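Here the structure is a predicted model, which is why all the values come from computation and not from measurement.
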Amino acid sequence: MLADLKRLSWDCFLLSLTFFVLASAPAALIWYGVTRRMGAGLSFWQAWRLSLIGFFWNNLIPGGVAGDAVRVWEVHKYNLTYAKGAASVFIERWSALAALIITSWLAWFMADPIFALIEQHEKALPILPMLEGFSVKWSFLAVIVLMIALFCLGSILLFSQHLWQNLRLRLLSRFSLGSSLEEFTQACALIKNNWTGFVTAVLINLLAPLLEAAAVYIIFYKICPQNLPFIYFLIFIPIFRVMLHLPVSANGIGTQEAAFALYWGSVGMALEPVLASSLLIHAVKLIICILGALLYYQKPQK
């Protein structure tokens, strides 16, 4: 593994880091547009800065939502109420969920030959005996269907005025972070009143996995002797994004290694360079986290 780690040159490491940072720009651009429509005096740079700060907190605390609360708190300094701030983050996150569903669905269809390799690999060499009979292909499809169901149910609860009021109020109170529910729902109506804008936001969010796939590909290309086609990375990245959103570890440590060992090992890649690549990806994300922490101390410019 040490020999594999040394294969990555500094210029490739910095190039991968650049792509990972750029992968955070689509979400920042969407959030910037939403906050501007709500009347916040927020520049795109400040929106990106707060997004990177949120990235720090999201990866520090399992679950990936701590940074959202920080963004709501910070955007209040730009003449946006807490309710509207919570709504702006919710809209950006909702568009990201829709984009994740689309990319995961496409990845599931494209990955059919790879799923067959994974199932053959598990039969020949079970990675975890307690998961005997576990199907990666159909389990991942079940997760996609669950995400679709949650998206539809959440949309109904958000915009319905009569259905399941108790459940609706409990759900909205969580997303509104204790602010005014009425103001929060009125601000979230931006989705309902501007569907073209929401669809545009979803399409912009599709750029994030593309940039992230490029960042991961650069590291794997230098570390792993088997040079897989870039299409494999486009397929796997949405799958990894779903797995890393599970609140089972901080910053995906452990979860990412297990996912990489299963998926990349199943297509013939040796375990040592795969784990070395995973460690380097953690290093890149750690640098982005540090960048987010340092940007927290930059004086806000209105």
Quiz item: Is the shortest heavy-atom distance from the side chain of L158 to the side chain of F175 under 4.5 Å?
Solution: no
Quiz prompt | Heavy-atom pair with the smallest gap, counting every atom of A23 and A208 | solution = O-CB, 3.6 Å
Exercise. State, with a plain yes or no, whether a side-chain heavy atom of I237 is found less than 4.5 Å away from one of Y232.
Key: no
Practice problem: Taking all heavy atoms of N205 and all of A99, pick out the closest pair and write down the distance. | Solution: CB-CB, 3.5 Å
Quiz item: When you measure from the side chain of Q256 to the backbone N and O of S278, does any donor-acceptor pair fall under 3.5 Å?
Solution: yes
Self-check item: Sub-4.5 Å side-chain heavy-atom contact between R93 and V89
Solution: yes
Practice problem: Would you check, one step at a time, whether the test side chain to side chain contact (heavy atoms under 4.5 Å, CB included) holds for F13 with I287? | Solution: CA-CA 11 Å; F13 183 82; I287 292 175; 3.5 Å; yes
Self-check item: Joint hydrophobic cluster, L146 plus W105, side-chain heavy atoms closer than 4.5 Å
Solution: no
Quiz item: What is the minimum heavy-atom distance between C188 and F90, and which atoms define it?
Solution: SG-CD2, 3.7 Å
Quiz item: Looking only at heavy atoms, which two atoms of L80 and H76 are closest? And how far apart?
Solution: O-ND1, 2.9 Å
Quiz item: Do N194 and R37 have side-chain heavy atoms sitting under 4.5 Å apart?
Solution: yes
Self-check item: Connected via hydrophobic side-chain network under 4.5 Å: L17 and L207
Solution: no
Practice problem: With side chain to side chain contact (heavy atoms under 4.5 Å, CB included) as the test, would you mind laying out the steps for F198 and K192 before giving the verdict? | Solution: CA-CA 9 Å; F198 184 75; K192 184 178 180 181; over 6 Å; no
Practice problem: Using the side chain to side chain contact (heavy atoms under 4.5 Å, CB included) rule, pick out the option among L280, L286, I288 that qualifies with V284. | Solution: I288
Practice problem: Of all the heavy-atom pairs spanning T103 and P209, show the shortest one and how long it is. | Solution: CG2-CG, 4.0 Å
Quiz prompt | Path from V202 to L150 over hydrophobic side-chain contacts below 4.5 Å | solution = no
Practice problem: Mind checking the CG-OG1 spacing from L211 to T18? Nearest 0.5 Å is all I need. | Solution: 11.0 Å
Self-check item: Chi angles and distances behind the side chain to side chain contact (heavy atoms under 4.5 Å, CB included) call for I144, W108
Solution: CA-CA 9 Å; I144 296 173; W108 188 83; 3.8 Å; yes
Quiz item: Under a 4.5 Å cut-off applied to non-hydrogen side-chain atoms, are E74 and I53 in contact?
Solution: no
Quiz item: Can we call the ring centroids of F220 and F260 under 6.0 Å apart?
Solution: yes
Quiz item: What do you reckon, is CD of E182 surrounded by more than 12 foreign heavy atoms closer than 6.0 Å?
Solution: no
Quiz item: So do the side chains of I281 and F20 get within less than 4.5 Å of each other, counting heavy atoms only?
Solution: yes
Quiz item: Checking S88 side chain against G85 main chain: does a donor-acceptor pair fall under 3.5 Å?
Solution: yes
Quiz item: Quick check, are the ring centers of W264 and F233 under 6.0 angstrom apart?
Solution: yes
Exercise. Give, for atom CG of N79 and atom NZ of K84, the distance between the pair rounded to the nearest 0.5 Å.
Key: 11.0 Å
Self-check item: Straight-line distance of M147 CE to S104 OG, nearest 0.5 Å
Solution: 4.0 Å
Self-check item: Spacing of E183 atom CD and S176 atom OG [to the nearest 0.5 Å]
Solution: 10.5 Å
Self-check item: Spacing of S24 atom OG and L52 atom CG [to the nearest 0.5 Å]
Solution: 4.5 Å
Quiz item: Considering all heavy atoms of both residues, which atom of A201 and which atom of I30 are nearest to each other, and what is their separation?
Solution: O-CD1, 3.0 Å
Self-check item: Rounded distance (nearest 0.5 Å) linking atom NZ of K6 with atom CD1 of I223
Solution: 12.0 Å
Quiz item: How about Y217 and F19: do any of their side-chain heavy atoms sit closer than 4.5 Å?
Solution: no
Quiz item: With respect to I101, which candidate in V145, I148, L106 satisfies the side chain to side chain contact (heavy atoms under 4.5 Å, CB included) definition?
Solution: I148
Practice problem: Answer yes or no: is there a donor N or O on one side and an acceptor on the other, between the side chain of S155 and the main chain of F151, under 3.5 Å? | Solution: yes
Self-check item: Flag side-chain contact, heavy atom, 4.5 Å: Q46 against L42
Solution: yes
Practice problem: Would you check, one step at a time, whether the test side chain to side chain contact (heavy atoms under 4.5 Å, CB included) holds for E257 with L275? | Solution: CA-CA 6 Å; E257 281 68 39; L275 293 180; 4.1 Å; yes
Quiz item: Any chance OH of Y82 has more than 12 other-residue heavy atoms, nucleotides or ligands included, within less than 6.0 Å?
Solution: yes
Exercise. Using only heavy-atom distances, determine whether the side chains of S51 and W31 contain a donor-acceptor pair under 3.5 Å.
Key: no
